[in-house]
Amino acid sequence: MASLPRSDDSRFGLRRQVRLAGPIALSSGASLGPVDIAYETYGAMNADASNVILICHALTGDQYVASDHPVTGKPGWWWRMVGAGKPVDPARHFIICSNVIGSCMGSSGPASVDPATGEPHAMRFPVLTIADMVRAQAALLDHLGVKRLAAVIGGSMGGMQALTWPTLFPDRVESCVVIASTARHSAQNIAFHEVGRQAIMADPNWRGGDYYADGLVPSAGLAVARMAAHITYLSEAGLTEKFGRRLQGRDAKTFGFDADFQVESYLRHQGLSFVDRFDANSYLYITRAMDYYDIAEDHGGSLARAFAATRARFCLVSFDTDWLYPTAESRAIVHALNAGGAQASFVELSSPFGHDAFLLECPELNRVVDGFLRGGRA
């Protein structure tokens, strides 16, 4: 079907931002409005708007799914999946990716300015849930004139959003791809996040979240939070293969507390580079949203009941070395979908890269996603 011309529509393209009047009703009972949402679109919507795919990003991701990041200059975080000749192709699909609310890349969050006061929200910003992020995405789709999604796709926290979409808007989703994710945050997941939050709040520069005025940010605490979280994204085998116990730029141990080991240097680099592109308060808010995430709890304790109203097709993918959201978590979702009569496919892929495998080179993942989308003519 021929694509409609969109070149003259300012709503579409790269580095877009819209202020929606709202308000958006939040899970906490509070409301948020007006709401800023930063987003990007790729490709063109076809005449019957049947080719729209929403990509949902993970905890520290953003809307730059297939374009260069304006801060780091690096390629989009999912360039292996989204782009010309890739499973999600702007030649076939109209692709949308927005920065979640609560984040810090242009969408409303603790670092954004409260129109009522002219000052950053800081910790006065309302606490959010994954469902709130999805409600904001739905409001963006309304603004873009999109009534129905051919597919919603995400990995990790993006998978949580993707899985939430058909529970909140069952008539707006035709298919759902959930990669390396879960239907609830476990006690272990919550524990790791709490370590990160406490590291941030223990930083003297955090000051209850009011650090925006003078630029003295809690970078040390945020870096430690990133280091702790990054360990959970990797596998023991991957760390051993990449670093082992090799020393960093030296022939012998220093018998001090410098980064003697390569793995120490790597984690320090990950922490320091992260603080240049992310806000500490946003890290607090987004990790809390993930910890509150429990789809079954939101539907009377029944995961199957959560999907009772949807007719969407589902594709679940896990990785054998992912101990953050292990394969058993994806199987539990598939069992719930099967119990509700939903059409669901599932595959566990082998990778040495742990949870981060969905972001890295994985031809098998591309084949699975491409086949699923083409199977539904998306």
Side-chain angles (χ1 to χ4, degrees), residues 6 9-19 35-45 52-91 93-112 133-134 136-137 140-141 143-144 146 149 151-162 177 179-181 222 226 229-230 233 270 272-280 282-283 285-286 289 355-362 365-366 369:
R6 294 286 176 176
D9 194 325
S10 62
R11 293 177 299 170
F12 304 108
L14 304 182
R15 303 192 183 186
R16 296 298 196 263
Q17 186 185 49
V18 62
R19 173 162 291 184
V35 183
D36 292 331
I37 301 181
Y39 65 97
E40 293 202 330
T41 72
Y42 309 80
M45 207 183 311
V52 183
I53 291 183
L54 176 67
I55 304 288
C56 302
H57 69 73
L59 165 57
T60 63
D62 45 56
Q63 64 271 37
Y64 305 108
V65 62
S67 66
D68 291 348
H69 195 284
V71 176
T72 67
K74 293 181 178 180
W77 56 268
W78 223 4
W79 63 267
R80 292 179 172 89
M81 181 66 66
V82 182
K86 308 292 175 61
V88 185
D89 190 337
H93 305 123
F94 178 62
I95 305 156
I96 304 168
C97 185
S98 66
N99 190 217
V100 298
I101 56 172
S103 191
C104 52
M105 291 303 295
S107 292
S108 291
S112 59
M133 297 174 182
V134 170
Q137 291 164 354
L140 172 64
L141 295 189
H143 167 72
L144 298 179
V146 175
L149 294 169
V152 55
I153 306 173
S156 191
M157 188 187 85
M160 298 177 191
Q161 297 163 62
V177 182
I179 305 168
S181 196
L222 180 58
R226 175 62 169 176
H230 197 73
Y233 305 151
Q270 290 293 326
L272 292 175
S273 61
F274 182 61
V275 302
D276 292 332
R277 67 176 180 87
F278 214 79
D279 175 61
S282 283
Y283 195 89
Y285 274 85
I286 297 175
H355 180 66
D356 262 358
F358 80 97
L359 295 172
L360 303 174
E361 190 66 36
C362 187
L365 176 62
N366 279 29
V369 174

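In this chain, numbering begins with 1 at the start of the sequence shown.
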Show the numbers, then the answer: is there a side-chain contact (heavy atoms from CB on, under 4.5 Å) between Phe358 and Val369?
CA-CA 11 Å; Phe358 80 97; Val369 174; over 6 Å; no
Give a yes or no on whether the backbone of [Y] and the side-chain of [X] come within a donor-acceptor separation of less than 3.5 Å.
X: Arg277; Y: Thr60; value: yes
X: Ser67; Y: Tyr64; value: no
X: Trp78; Y: His57; value: no

Sequence neighbours left out, what pairs pass salt bridge (charged side-chain N to carboxylate O under 4.0 Å, His left out) with at least one residue falling in residues 54-77?
none
When rounded to the nearest 0.5 angstrom, what is the spacing between [atom1] in [X] and [atom2] in [Y]?
X: Ile95; Y: Ile53; atom1: CD1; atom2: CD1; result: 6.5 Å
X: Asp279; Y: Leu222; atom1: CG; atom2: CG; result: 8.0 Å
X: His93; Y: Met45; atom1: NE2; atom2: CE; result: 14.0 Å
X: Leu14; Y: Glu40; atom1: CG; atom2: CD; result: 4.5 Å
X: Leu144; Y: Arg11; atom1: CG; atom2: CZ; result: 6.0 Å
X: Ser103; Y: Tyr285; atom1: OG; atom2: OH; result: 13.5 Å

Quick check: closest heavy atoms across [X] and [Y], and the distance to 0.1 Å?
X: Gly106; Y: Gln17; value: O-NE2, 2.6 Å
X: Trp77; Y: Cys97; value: CZ2-SG, 4.2 Å
X: Ser156; Y: Ala58; value: CB-CB, 4.0 Å
X: Pro110; Y: Gly102; value: CD-O, 3.5 Å

Taking only residues two or more places apart in sequence or in another chain, which ones pass side-chain hydrogen bond (donor to acceptor under 3.5 Å, both in side chains) with [X]?
X: Thr41; answer: none
X: Ser181; answer: none
X: Arg19; answer: Asp36
X: Arg80; answer: Glu361

Look at the rings of Tyr233 and His230 and say which category their plane angle falls in: under 30° parallel, 30 to 60° tilted, over 60° perpendicular.
perpendicular
So do the side chains of Leu141 and Leu149 get within less than 4.5 Å of each other, counting heavy atoms only?
yes
Determine, stepwise, if the pair Met133 / Ile286 fulfils side-chain contact (heavy atoms from CB on, under 4.5 Å).
CA-CA 10 Å; Met133 297 174 182; Ile286 297 175; 4.3 Å; yes
For His143, check ring-ring contact (aromatic ring centres under 6.0 Å, His included) against everything at least two apart and list the hits.
none
Which residues pass the ring-ring contact (aromatic ring centres under 6.0 Å, His included) test with Tyr42, sequence neighbours left out?
none
Pairing residues for [X] by the side-chain contact (heavy atoms from CB on, under 4.5 Å) criterion, not counting sequence neighbours:
X: Cys56; value: Leu54, Gln137, Val152, Gln161
X: Cys362; value: Phe319, Leu349, Glu364, Leu365
X: Arg16; value: Tyr39
X: Ile37; value: Val18, Leu20, Val35, Ser98, Ser107, Ala136, Leu140

